[in-house]
2 protein chains.
Amino acid sequence: MKKGNKYGTHRVIEPKGVLPQPANKIDNNMDEIYDNEILIDVQTLNIDSASFTDISARAGGDHEKIKEIMFEIVATQGKHRNPWTGSGGMLLGTVERIGDALVGKTDLKIGDKIATLVSLSLTPLRIDNIKEIRDEVDQVDIDGKAILFESGIYARIPADLPEKLALSALDVAGAPAQTAKLVKPGDTVVIIGAGGKSGMLCCYEAKKRAGITGKVIGITHSQKSTDRLTTLGFCDHVFPADATQPVAVLEKIEALTSGQLADVTINNVNISDTEMTSILITKDTGVVYFFSMATSFTKAALGAEGVGSDVTMIVGNGYTRGHAEITLQLLRESEKLRNIFTELYA
Amino acid sequence: MKKGNKYGTHRVIEPKGVLPQPANKIDNNMDEIYDNEILIDVQTLNIDSASFTDISARAGGDHEKIKEIMFEIVATQGKHRNPWTGSGGMLLGTVERIGDALVGKTDLKIGDKIATLVSLSLTPLRIDNIKEIRDEVDQVDIDGKAILFESGIYARIPADLPEKLALSALDVAGAPAQTAKLVKPGDTVVIIGAGGKSGMLCCYEAKKRAGITGKVIGITHSQKSTDRLTTLGFCDHVFPADATQPVAVLEKIEALTSGQLADVTINNVNISDTEMTSILITKDTGVVYFFSMATSFTKAALGAEGVGSDVTMIVGNGYTRGHAEITLQLLRESEKLRNIFTELYA
Ligand SMILES: NC(=O)c1ccc[n+]([C@@H]2O[C@H](COP(=O)([O-])OP(=O)(O)OC[C@H]3O[C@@H](n4cnc5c(N)ncnc54)[C@H](OP(=O)(O)O)[C@@H]3O)[C@@H](O)[C@H]2O)c1
Ligand SMILES: NC(=O)c1ccc[n+]([C@@H]2O[C@H](COP(=O)([O-])OP(=O)(O)OC[C@H]3O[C@@H](n4cnc5c(N)ncnc54)[C@H](OP(=O)(O)O)[C@@H]3O)[C@@H](O)[C@H]2O)c1
């Protein structure tokens, strides 16, 4: 077997010297694998919400058109990085081969069912056939193969949770785990996109951390997600709003916090132009955590400067230590969360 | 006078409900001003480095072409937000009128010479004439007018420093002020784009904070900036590299830190695709501060996840409390800094 680089640079075709994520084209030939790669027989792709929303809009919701776009992305790049949003997603599959150099070093064995926790935007992928598209949950069942690099992270699918449930939650595992790190007892926390997948997990975790002296406010959008989140009962306040409208949202948050604003704001939407809202509703000394992949760096940086806000803005790193375990544990811990995730995603 | 909104939403033409920064078009009619606006007679625009580099490249360096592009941007948007980089810059000018509602509230008076510290990407601007383009320093002298909103921040040009020197430093004032907050004694700090304007200020401040038990490493690019930074003597190590090449830079940083990597990495480049390098050279538990406006949110978020790094990534907010005073003070404190800034920018 050929020797591979830890980060997978051996698969980069163009441009040379960069890593697989920023690369325009990577090698997705899987007839041979490198000595530090794991070959996965792919069952389901969980497309990133911002990416799936975009592809579906381009296809006018038509499944044959969606398939065409997906095949085209992989044919061009050797991976499924949405060229318009830049984002990926993750996948569920079975370990098919393990590179020689990893034998005895990895705790995986052939036949293990795993979810990859590195983005599809850097994962070599071959799609042979698209079998089913589940719009509601951004999941696509395929026949195909993928490669996990040596530095790539993964989670074994737990025996006690349905696999599609686990897959959905693992896709956004970074969000509740970061919420756990950021929220302190007594904090006022605002979650934008609070009725969505990552939003609900963050609301639950935020309330757990902020405690009874804290306050969790969930901003939803549709009637459906508003009702859902209200029923869950994790938040002190829930209201629907269009997060692209900063002034209207600010007035609402001022009223709910007696003008104090948020210590921590977590942005979980899947649409653009919500940076300014996130900044304005947060204290000058507070933190905005942008989990949304539709965040624009310049809009955030210049937006805060533009209103003279000293807020700390954090880029939503999809990984944080223990994020998979933390997130799966939430589903075990809260029957309400487990039920709603089963209903929506399993 | 008509009543204005604190954030300037009264000037937004399209789309409605957003703030001036994300707006596509704002009103730059200055025959009348609103009651909480300050009218500035503009002398010099300090175009953001990422923006000027981009415009100059599009114009093939031709001054007439640069003028055309600049007029076109302002005609379309009513402000100078580069449509390709999203970024602005700042301006130097004289207070010409003060809205009724601000009289007695602002400490400015007519005739004061100020630099605006809010981005040009949200500042209503009218350009009547472009008088001189100074490529080397991204500065453009014009005849024109601009508006400072009530929430807009500014700095009075100090009497003891040449005004173009002050303007250059104030443009990047956020960077050294954030460096002061992030760097602790004993830290290993890597600065990318270290020989540039914000880079030199950050190197000086980082060494001051990291102290003799800390280590400051400056990554430069051209021979010129390498020599300049080496001569300044602020860094423990200086080496030139192409920051878009993560693997090569990582090897160098591993060697200089005995494999320990950086506690804090500050990215001050003006080109894209340096996210991965910034992430890889930083400890898993460290911080990357992206001051560069050429940073891509998704490349940073997915890049860190892709290599399983738990690094904290901060969006370079151009504002932080006291940033103007802190930065001007550095120029007073260090004769070396003052001399090189005078030579390069004044
Ligand atoms: N940083 C990372 O590593 C990482 C990893 C995975 C995902 N993500 C990103 O995280 C975000 C959320 O993912 P998800 O799976 O939780 O998505 P999701 O379930 O689709 O949730 C998105 C939410 O945004 C809300 N929303 C849409 N338009 C809105 C508007 N104008 N105003 C207010 N809210 C609005 C939606 O509300 P309604 O349903 O009521 O319309 C929905 O609840 C996406 O941007 C995704 O790309 C990031
Ligand atoms: N966040 C904010 O609010 C804010 C405010 C102002 C500016 N900025 C941004 O901050 C950044 C720096 O601004 P500045 O005024 O300090 O710019 P600058 O003086 O032009 O410095 C940029 C530096 O990047 C270096 N560089 C260029 N290509 C490189 C490469 N391939 N590898 C390594 N280094 C490379 C250059 O080195 P050589 O000269 O040796 O080629 C130069 O020293 C810009 O992106 C600007 O947009 C942000």
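Reminder, nothing fancy here: chain letters follow the sequence lines and each chain counts from 1.
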Let's go through I279(B) and Q21(A) carefully: what are the C-alpha distance in whole Å and the side-chain angles of both, what is the deciding distance for side chain to side chain contact (heavy atoms under 4.5 Å, CB included) to 0.1 Å, and is it a yes or a no? CA-CA 13 Å; I279(B) 292 163; Q21(A) 208 284 326; over 6 Å; no
Return the option, out of [options], with the maximum number of heavy-atom pairs under 4.5 Å with chain B.
options                   : value
D284(A), D242(A), N5(A)   : D284(A)
L19(A), L122(A), T123(A)  : L19(A)
I153(A), V307(A), V247(A) : V307(A)

Of the non-hydrogen atoms in L302(A) and G88(B), which two are nearest, and what is the gap between them?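 Minimum heavy-atom contact is CD1-N, 4.2 Å.
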Is chain B contacted by the side chain of [X], its backbone, both, or neither, given a heavy-atom distance below 4.5 Å?
X       : value
T277(A) : neither
T244(A) : backbone
V311(A) : both
L250(A) : side chain
S292(A) : backbone
S121(A) : side chain

Engaged part of [X] at the chain A interface, taking heavy atoms whose separation is under 4.5 Å:
X       : value
T9(B)   : side chain
T116(B) : neither
M276(B) : side chain
K16(B)  : backbone
F290(B) : both

Show your reasoning for whether side chain to side chain contact (heavy atoms under 4.5 Å, CB included) applies to N317(B) and M313(A). CA-CA 8 Å; N317(B) 183 346; M313(A) 296 177 285; 3.8 Å; yes
Would you say K25(A) has more than 12 foreign heavy atoms packed within less than 6.0 Å of its NZ?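 Yes, NZ of K25(A) has more than 12 neighbouring heavy atoms, counting only those of other groups under 6.0 Å.
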Against chain A, work out which of [options] has the most heavy-atom pairs shorter than 4.5 Å and name it.
options                            : value
A304(B), S151(B), G306(B), G86(B)  : G306(B)
A300(B), G303(B), G17(B), G316(B)  : G17(B)
V288(B), L280(B), V315(B), V118(B) : V315(B)

Drop me the distance from [X]'s [atom1] to [Y]'s [atom2], to the nearest 0.5 angstrom.
X       : Y       : atom1 : atom2 : answer
D48(B)  : T298(A) : CG    : OG1   : 10.0 Å
E305(B) : H323(A) : CD    : NE2   : 6.5 Å
K299(A) : F297(B) : NZ    : CZ    : 13.0 Å

Show, in sequence, the C-alpha distance, side-chain angles and deciding distance for D310(B) and K181(A), and conclude whether the side chain to side chain contact (heavy atoms under 4.5 Å, CB included) test is met. CA-CA 12 Å; D310(B) 202 357; K181(A) 286 210 228 166; 3.4 Å; yes
